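Taking it in order: structure first as structure tokens, then the write-up.
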Amino acid sequence: MAQEKTNPKKGGEQKREKIVVAAIDFGSTYSGYAFSFRDDFQTNPLKIHTNHWSSVQSGGISYKAPTTVLLKPDQTFHSFGYDAEDKYAELSEAEEHQEWYYFSRFKMKLMNALDITKDQTGSDHLFSKLERNMEIDDIDGKKMSFMTIIAHAIRYLKEHLLRQLNDKNILEAVTADGIFWVLTVPAIWTDSAKQFTREAAREAGIHDDQLMLAYEPEAAALYCRLLPIDRFESGGEHQELVLKTFERGKKFMVIDLGGETVDIAVQETTKDAKMKTIYKVCGGNWGGTKVDESFHTFLDQLIGSENMKHIKNEDRSEYLEFLRGFELKKRTFNNELKNRVVLKIPPAFVELLSEISGQKLENTIKTSQHKSSLSFSGDKLYIDHSLFTSFFESSVNDIISHIKDIFIADVCHDLAGVVMVGGFAESMVVNSAFKMAFPDKNFIIPMESGLAVAKGAVLYGHDPDVICSRICRYTYGEEVWDPFNEDLHEHYRQTIIEGGLYCTGCFRKFFTIGQVVSQGESIEMTSTISFVDNHRQILRNFPINVSVYISKKKSPMFVDEEGCLLLGKIKIECKNSQWPERVYVTVKLEITGTEIKVTPMMHTGEQVTATFDFL
């Protein structure tokens with residue numbers, strides 16, 4: 001009942017002319033964008049434009065803005081980034097914030113698209129928690145559509161970029177149809193999380209045929225390999241190392257250290273200057289926010305969790321400013337200097353603590369478990385370098401442990417270098433910890449490493465075929481009913497179809513975990529759907545649904561065995577109102593770019609359409 005063949009072919013099927021490629025780096029903690037013109041890409045690929053963001057309250061300027069969305073009480077959009085933070089702080093100070101909606105660091109919920117549950121026997125089973133209509137809580141627990149909040153963020157960044165082009169008198173010459181958009185996503189995201197992001201972009205006004213998704217570590221690698229030597233930290237000192245890392249035929253690791261996620265990819269530059277992935281992408285939620293979590297745990301221990309909640313609720317503007325101060329120290333802290341870290345404590349904190357606990361902060365410190373590492377004077381909290389370093393331990397240890405496992409793999413023994421990018425890569429604590437853990441490895445960091453993903457995504461948008469192959473993270477297959485085989489199948493799965501004995505719920509494999517899949521490679525599976533039986537006649541007027549499953553096993557037998565997950569359904573629709581009594585449908589699955597594409601064909605040559613729904 002099945003015919004199978006593999007067709008490698010050229011990728012890059014985007015038909016629209018790309019006059020401008022614009023990349024939106026939608027991050028967990030910070031977001032930004034970059035863009036370049038087709039003509040510039042052809043003559044000078046590194047001529048990529050970015051934007052500067054500033055905050056009125058903090059007076060800082062950065063290449064990215066906080067991933068923060070503020071909605072009015074009527075749930076319409078008000079502001080994004082620093083503007084949203086500043087406005088919310090202003091509202092809080094005036095005690096007018098209660099009806100507003102404030103969302104920050106919400107992207108991470110997409111990371112949790114998979115969960116593990118146990119069945120009645122105690123076995124683990126994966127299931128998807130990501131749904132189109134799911135809601136997300138704002139800072140006060142008020143609910144909103146999750147997809148709508150993401151769409152607001154993408155729409156703001158898109159329109160901000162369009163205004164910049166308009167201000168330069170470029171937009172009219174280009175037109176919106178000449179702009180091709182690239183959205184960055186972690187390489188470890190599930191297909192459902194990627195589809196969720198694409199649909200949010202559609203809600204934000206970006207058409208499907210004007211959009212592609214780029215894996216963050218791959219994009220960073222594309223950018224770094226084009227950088228001149230002097231654009232790396234200590235470039236002159238390590239000139240030979242940088243050159244060797246990106247030589248043709250060399251392997252290298254890219255670690256994208258973001259705010260919440262850490263994404264790791266191992267690449268090899270081919271002889272024709274393309275890139276291929278040689279080890280399955282991996283990572284986890286070990287980014288800079290893990291440091292924040294440790295700091296908040298410390299504050300709860302020092303002041304009390306209920307007291308901290310009270311302080312946060314009573315004076316939000318001071319609380320937000322306090323967190324900004326910690327964020328700055330986190331980025332600039334140099335543990336090798338062994339200096340104390342000085343944090344400014346808002347006077348409102350000290351007063352509120354005294355009111356609710358009846359104790360001054362100085363006395364609270366003297367009786368705490370950290371008394372030897374802390375002191376308070378005036379409006380400043382002095383933190384010993386060893387205590388401040390400890391806030392990084394959980395995050396750094398998790399990353400190092402995972403990298404060790406990768407280095408053990410045979411294919412990763414001879415890496416020419418390790419490239420570190422992302423905002424968290426700028427942390428001196430992270431850098432020194434990595435070098436201490438892996439003294440025999442060569443680490444290189446580009447200057448402005450936080451922009452590597454956005455700029456690399458622009459390069460990828462211009463030339464997606466530059467990534468020539470990837471590694472399958474799962475085994476993909478469909479649910480079929482195979483002729484019953486007593487030696488292979490379980491008796492309770494028996495069923496009779498048109499007088500024949502079949503086994504239900506069999507796993508028919510498309511791609512295998514760990515398999516190298518070339519750009520545009522496809523596989524075709526032909527299935528027979530019969531409407532002869534009376535109980536199926538009514539279904540002839542409905543779409544055909546083909547269930548697709550994933551597993552971490554190489555060759556699962558059944559779709560309901562441990563570790564299998566229903567990835568989604570391919571919905572096949574016929575232009576006629578009714579299917580014939582017996583249908584032979586060939587479904588072609590193609591790994592095109594970073595997403596799966598499906599194309600159906602019917603034995604009659606009749607036109608059919610197919611969509612893959614992961615949600």
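Fair warning: this is a prediction, and the values are worked out from it, not measured in the lab.
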message = Pair His296, Leu323 - check side-chain contact (heavy atoms from CB on, under 4.5 Å), show working.
response = CA-CA 10 Å; His296 287 298; Leu323 292 184; 3.6 Å; yes
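- Looking only at distances, a side-chain donor or acceptor of Ser432 sits under 3.5 Å from a matching main-chain atom of Met428.
- For NZ of Lys330, the number of neighbouring non-hydrogen atoms (other residues, nucleotides, ligands) closer than 6.0 Å is greater than 12.
- Checked by atom type and distance alone, the side chain of Lys274 never pairs as donor or acceptor with a backbone atom of Thr269 at under 3.5 Å.
- Glu247 is not listed as a side-chain neighbour of Arg225, based on a closest heavy-atom distance of 4.5 Å or more.
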query = Stepwise, does the salt bridge (Lys or Arg N to Asp or Glu O under 4.0 Å) test hold for Glu327 with Arg324?
reply = CA-CA 5 Å; Glu327 180 67 24; Arg324 282 183 178 175; over 6 Å; no
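- With hydrogens and angles ignored, the 3.5 Å screen pairs no side-chain donor or acceptor of Glu85 with any backbone N or O of Tyr82.
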inquiry  = Could you walk me through whether Cys564 and Phe507 satisfy the side-chain contact (heavy atoms from CB on, under 4.5 Å) test, starting with their C-alpha distance in whole Å, then the side-chain angles of each, then the deciding distance to 0.1 Å, before giving a yes or no?
reply    = CA-CA 10 Å; Cys564 282; Phe507 189 109; 4.2 Å; yes
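- Heavy atoms only, all atoms of each residue included: Ala452 and Cys224 are closest at CB-SG, 4.5 Å.
- Other residues, nucleotides and ligands place no more than 12 heavy atoms under 6.0 Å from the NZ atom of Lys47.
- Here the CG atom belonging to Leu459 is positioned 13.0 Å from the CD atom belonging to Glu218, to the nearest 0.5 angstrom.
- Aromatic pair Phe196/Phe614: ring centres not closer than 6.0 Å.
- A donor-acceptor contact shorter than 3.5 Å is absent between the side chain of Thr277 and the backbone of Tyr279.
- In terms of modelled atom types and a separation under 3.5 Å, the side chain of Thr594 and the main chain of Leu213 share a donor-acceptor contact.
- Taking all atoms of both residues into account, the shortest heavy-atom contact from Ile445 to Ser449 is CG2-CB, 4.1 Å.
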query = Please walk me through it: do Arg198 and Glu595 pass salt bridge (Lys or Arg N to Asp or Glu O under 4.0 Å)?
reply = CA-CA 10 Å; Arg198 176 174 279 278; Glu595 300 170 90; 2.8 Å; yes
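- Using modelled atom types, no side-chain atom of Thr270 and backbone atom of Met275 make a donor-acceptor pair closer than 3.5 Å.
- For Phe510 and Tyr476, the distance between ring centers is not under 6.0 angstrom.
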message = Would Lys250 and Asp414 count as a salt bridge (Lys or Arg N to Asp or Glu O under 4.0 Å) here? Give the steps.
response = CA-CA 9 Å; Lys250 296 291 185 181; Asp414 54 347; over 6 Å; no
key: Worked check of side-chain contact (heavy atoms from CB on, under 4.5 Å) between Val458 and Tyr33   = CA-CA 9 Å; Val458 171; Tyr33 61 77; over 6 Å; no
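- Closest heavy-atom contact between Ala221 and Phe252: CB-CE1, 3.8 Å.
- Taking NZ of Lys554 as the start and SG of Cys472 as the end, the distance is 11.5 Å to the nearest 0.5 Å.
- Closest of all the heavy-atom pairs between Gly417 and Thr245 is CA-OG1, 3.9 Å.
- In summary, the side chains of Lys588 and Ser522 do not present any donor paired with an acceptor at a separation below 3.5 Å, with no hydrogens or angles considered.
- Annotation: His152 is not in aromatic contact with Tyr156 [ring centroid separation under 6.0 Å not met].
- Side chains of Lys509 and Ser555: a donor on one and an acceptor on the other come within 3.5 Å.
- Proximity of Val466 to Asp463: side-chain heavy atoms (C-beta onward) are separated by under 4.5 Å at one or more points.
- Separation of atoms CG (Leu222) and CD1 (Ile467) is listed at 4.5 Å; rounding is to 0.5 Å.
- Each of Phe391, Phe333, Phe388 was scored for a ring-ring contact (aromatic ring centres under 6.0 Å, His included) with Phe295, with one residue passing: Phe391.
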Would you tabulate the side-chain donor-acceptor contacts of residues 21-31 under 3.5 Å, counting partners in other chains and residues two or more places apart, or write 'none'?
| residue | atom | partner | partner atom | Å |
| --- | --- | --- | --- | --- |
| Asp25 | OD1 | Thr184 | OG1 | 2.9 |
| Asp25 | OD2 | Lys64 | NZ | 2.8 |
| Ser31 | OG | Gly27 | N | 2.9 |
| Ser31 | OG | Thr67 | OG1 | 2.7 |

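- Side-chain contact between Met420 and Ile444: absent, with no pair of heavy atoms (C-beta onward) separated by less than 4.5 Å.
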Check against side-chain contact (heavy atoms from CB on, under 4.5 Å), Glu135 and Phe146 = CA-CA 5 Å; Glu135 294 183 320; Phe146 187 28; over 6 Å; no
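- Thr512 contributes no side-chain N or O that, together with a main-chain N or O of Gln515, makes up a donor-acceptor pair within less than 3.5 Å.
- Note: Glu260 CD to Asp292 CG = 9.0 Å, rounded to the nearest 0.5 Å.
- Remark: the Glu426 side chain and the Asn431 side chain contain no N/O donor-acceptor pair separated by less than 3.5 Å.
- Contact record, Met147 with Glu203: CG-OE1, 3.7 Å, taken as the closest heavy-atom pair.
- Inter-residue side-chain proximity for Arg473 and Ile188 is flagged as met; some heavy-atom pair is nearer than 4.5 Å.
- The CG atom of Asp405 sits 11.0 Å away from atom SG of Cys412, with the distance rounded to the nearest 0.5 Å.
- The minimum heavy-atom distance between Pro45 and Leu226, with the atom names listed, is CB-CD1, 4.0 Å.
- The CD1 atom of Ile255 sits 5.5 Å away from atom CD1 of Ile264, with the distance rounded to the nearest 0.5 Å.
- Taking 4.5 Å as the limit, some side-chain heavy atom of Lys251 sits within range of a side-chain heavy atom of Val411.
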ask   = Given Glu561 and Lys553, is the salt bridge (Lys or Arg N to Asp or Glu O under 4.0 Å) satisfied, shown in steps?
value = CA-CA 10 Å; Glu561 63 187 59; Lys553 293 181 180 179; 3.1 Å; yes
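- Using a 30° and 60° split on the angle between ring planes, His52 and Tyr63 fall in the tilted class, from 30° to 60°.
- Ring centroids of Phe35 and Phe180 are separated by 6.0 Å or more, keeping the two rings apart.
- In this structure the side chain of Glu199 reaches within 4.5 angstrom of the side chain of Arg132, judged on heavy atoms.
- Inspection of the Lys194 and Tyr215 side chains reveals an N or O donor paired with an N or O acceptor under 3.5 Å.
- If you check the side chains of Thr261 and Asp263, you find no donor sitting under 3.5 Å from an acceptor.
- Counting only N and O atoms by type, the side chains of His462 and Ser36 include a donor and acceptor under 3.5 Å apart.
- By the 4.5 Å heavy-atom criterion applied to side chains, Phe106 and Thr68 are not counted as neighbours.
- Between Gln519 and Asp465 there is a side-chain heavy-atom pair separated by less than 4.5 Å.
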